[in-house]
Amino acid sequence: MTLSQERELEAFVGQATGPWTVVYESQHGAGERNFGIYCALSNPARREKALSDPGWDLRVTDGAPGFSQHWEGDEWVTTYHSFSYHNEGVEPLVLVRDYHGAGPKAIELDQQFRLFHNLRHDTASDFYYKINNDGTQHVVVEVIENQKVRIRTPLLRQYIAARQMDLLLFIDSVVFADEAEDLPRQATHRTDTELVQRTYVSDRHINGQVFSRLLGVKVVAPGAIETCGIWPYESQDDNFPEFIIGEDESGTPIYYTCNPDLLADYFGKNSEAPHYLTAVHFRKEVLQKYYSHPELYEVRDGYLSCAGLWGLHIDNDHDDRVVVFLGDLGRDLPSSERDYWRGFMIVPDAPMSESNFRRSFLAQFADSAAIDLRFREQYVLANRTWADAFGWPLYREPKEGDAYLLQQLRLPLNESQSEFENAIGILAKLLVDAINEKALQKNLESKVKDERGISKLERYLGSLGYPHADRDISYLRSVQELRSKLAAHLKGRDYEQTLSKNLGDLRGRSAIRSLLESGVAMLQGLTAFAPPQGESDGTTGTETRTEE
């Protein structure tokens, strides 16, 4: 029964009860169906008025500020209104901006709603994203082809709870049929505490068709303000899983909660419980997730962070593990991250690193012993020292796609081929591809056809009398050759020969360690060779030249 619009009414009654709520929709089909949905926020004091009539309390294009005038005494009184003055106590949530054919229709979310949930708008998709405390994000508002807007229902309910305002949902649906169905011509009504609806079947013909019209208003009342989800009413964190803190005499792991409120401290709190600074050990693969998304996470010496959202002190000065204090897991990690870390727990069968012990318990500065962390530090230092001494950096700043290369460089987290190849590839990009060839060429007295970066660097270092030129150039050529062979789709006997030529018997993590150690030696040599700032002009002559 098309004209009864039972399906349309059922869908409308179900609004705001599922995961998504449609707050705007506009469909116009000639001779088929005209359909509109809209919404508004309304003061609960006018709820009875909102349910007194199925007509809309706010037009789609309402919501712009403006003036009203009324005659008072013997003069006009003009009043400014932040929203349309037709219905005081009603305000829009979705703003539809119509330029009357002079430009495409624009759909916008009310700014206060966006700020309340701190939504990020992706203009390419016209979706809005909610960024969670753990750094994850998901779509919560979809603007679909400029004709439909739907919002995650929990966000709507949180917002109206905070504002303590009703959400009004409106429907206006017109359906056409070729022949009149056996339906009463008089209007049918429905009114209750949250819905007013009227359906009218017309006996008039439009282009040979009859039609019915459904008008309705649904009121979604706000919950208690405590359900709004933000401070001071945010949900309490009660997910404090247990982690392995040791093992008993039979080798059975001992677990304890990471809830910092239940751990002992140096002032007598919870004296029978494990100490806040109890060491918890994890396989180093726990960091894979964070290395894989350097645009969001940063793993540096002794610290893991997620943008500006959270940070965790870690002891990553080990080859095979990461160590974290039990209390820090409960205090500094978001709830969802704690569950992730549990999947990498191991029995604490080794001491914490010397650097972490000195930093955490002796309040001393301590350099990391981890070769990958030392390489990163030395790479930055060498480049900065070179730029200060010669007026141009030895290595160019990475382009956008390679912006996080140095941060991603690491000793392999395991012995997999992918970890091995990834480390070789990053090393080659940092040490070979990033060589500042333009600056080198400008500071060389001659130009050699088709000469590449390593060869230019070799000539330049030779002209400066750098004592470790042969060692370092040989190292760079090894890195380049390894990268070239790894890039081959098929790896046969010549692949193993290349590995043996450049790495001897070393493979996997041991091979990368050796390459990183040689890289550190090269960078330290270049750093030590560069004269103090102001004592060199960057050339073998007297003219100072700069590049990038």
Side-chain angles (χ1 to χ4, degrees), residues 12 15-16 20-26 36-70 77-100 105-119 121 126 128 130 140-143 146-172 193-196 215-230 233:
F12 180 67
Q15 280 269 65
W20 293 87
T21 298
V22 177
V23 292
Y24 171 77
E25 187 170 5
S26 179
I37 282 181
Y38 197 47
C39 70
L41 298 179
S42 175
N43 190 322
R46 59 181 308 281
R47 187 178 302 167
E48 183 177 349
K49 179 181 179 181
L51 290 170
S52 66
D53 187 277
W56 294 16
D57 292 37
L58 195 70
R59 295 174 299 181
V60 169
T61 53
D62 283 347
F67 295 95
S68 67
Q69 286 186 326
H70 68 276
V77 176
T78 303
T79 305
Y80 177 83
H81 302 268
S82 298
F83 301 106
S84 172
Y85 59 86
H86 298 294
N87 284 305
E88 295 289 351
V90 181
E91 60 185 70
L93 180 63
V94 176
L95 300 156
V96 180
R97 304 179 66 183
D98 189 354
Y99 302 104
H100 310 289
K105 179 178 67 177
I107 298 178
E108 301 174 3
L109 275 182
D110 177 64
Q111 187 74 354
Q112 191 171 175
F113 179 81
R114 291 179 60 178
L115 293 174
F116 179 85
H117 288 296
N118 195 25
L119 303 184
H121 184 208
D126 216 1
Y128 293 80
K130 174 76 172 179
V140 294
V141 181
E142 296 180 346
V143 181
N146 236 23
Q147 293 183 328
K148 183 177 181 178
V149 180
R150 66 177 197 159
I151 300 177
R152 290 277 286 125
T153 303
L155 270 71
L156 279 173
R157 291 191 175 274
Q158 288 175 346
Y159 184 61
I160 63 175
R163 298 283 310 276
Q164 285 297 289
M165 295 187 75
D166 288 340
L167 172 67
L168 305 183
L169 296 168
F170 310 123
I171 186 172
D172 187 347
T193 57
E194 66 173 24
L195 179 74
V196 56
L215 276 175
V217 178
K218 179 175 180 176
V219 175
V220 181
I225 194 170
E226 290 79 8
T227 64
C228 69
I230 68 169
Y233 305 112

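Heavy-atom minimum distance, M165 versus P44: CA-CD, 4.0 Å. Taking every heavy atom of both residues into account, C39 and L167 meet most closely at CB-CD1, 4.2 Å. In this structure, L169 and F12 approach most closely via the heavy-atom pair O-CZ, 3.2 Å. Between K105 and Y24, the shortest heavy-atom distance links the atoms NZ-OH, 3.0 Å. Closest approach of L51 to E194, counting heavy atoms only: CD2-C, 3.8 Å.
At least one side-chain heavy atom of V143 sits less than 4.5 Å from a side-chain heavy atom of V149. The side-chain heavy atoms of R46 and V90, taken from C-beta on, include a pair separated by under 4.5 Å.
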Practice problem: Decide side chain to side chain contact (heavy atoms under 4.5 Å, CB included) for L58 and L168; before the verdict, give the C-alpha distance in whole Å, the side-chain angles of both, and the deciding distance to 0.1 Å. | Solution: CA-CA 9 Å; L58 195 70; L168 305 183; over 6 Å; no
Exercise. Would you sort out whether D110 and L41 count as a side chain to side chain contact (heavy atoms under 4.5 Å, CB included), showing the intermediate values?
Key: CA-CA 11 Å; D110 177 64; L41 298 179; 5.9 Å; no
Quiz item: Would I107 and V94 count as a side chain to side chain contact (heavy atoms under 4.5 Å, CB included) if you check the C-alpha gap in whole Å, the side-chain angles of each, and the deciding distance to 0.1 Å?
Solution: CA-CA 7 Å; I107 298 178; V94 176; 3.8 Å; yes
Exercise. Could you walk me through whether V140 and H117 pass the side chain to side chain contact (heavy atoms under 4.5 Å, CB included) test, one step at a time?
Key: CA-CA 10 Å; V140 294; H117 288 296; over 6 Å; no
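Looking only at atom types and distance, the side chain of T78 has a donor-acceptor partner in the side chain of Q69 under 3.5 Å away.
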Distance-only donor-acceptor hits, side chain of residues 219-230, under 3.5 Å, sequence neighbours excluded:
| residue | atom | partner | partner atom | Å |
| --- | --- | --- | --- | --- |
| T227 | OG1 | A224 | O | 2.6 |

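From L93, atom CG reaches atom CD of Q112 across 10.0 Å, with rounding to the nearest 0.5 Å. In this structure, CZ in R157 is found 13.0 Å from CD1 in I151, a value given to the nearest 0.5 Å. Interatomic distance, CD of Q15 versus CG of L195, reported as 11.5 Å (0.5 Å rounding). Between the CG atom of L155 and the CD atom of Q158 there is a distance of 5.5 Å, given to the nearest 0.5 Å. To the nearest 0.5 Å, atoms OG (S42) and CD (E91) are separated by 9.5 Å. Between the CG atom in L95 and the CG atom in L109 there is a gap of 8.0 Å [rounded to 0.5 Å].
Residues passing the side chain to side chain contact (heavy atoms under 4.5 Å, CB included) test with E142, sequence neighbours excluded: W20, F127, V139, I144, R150. In this structure Y38 satisfies the side chain to side chain donor-acceptor pair (under 3.5 Å) test with no other residue, sequence neighbours excluded. Legend: residues meeting side chain to side chain contact (heavy atoms under 4.5 Å, CB included) with T193, ordered by chain and number and at least two apart, are absent. Among residues two or more places apart in sequence or in another chain, the side chain to side chain contact (heavy atoms under 4.5 Å, CB included) test is passed with Q111 by R114, L115. In this structure, the side chain to side chain contact (heavy atoms under 4.5 Å, CB included) partners of Q147, at least two apart in sequence or on a different chain, are E145.
Using a 30° and 60° split on the angle between ring planes, F116 and Y159 fall in the perpendicular class, above 60°.
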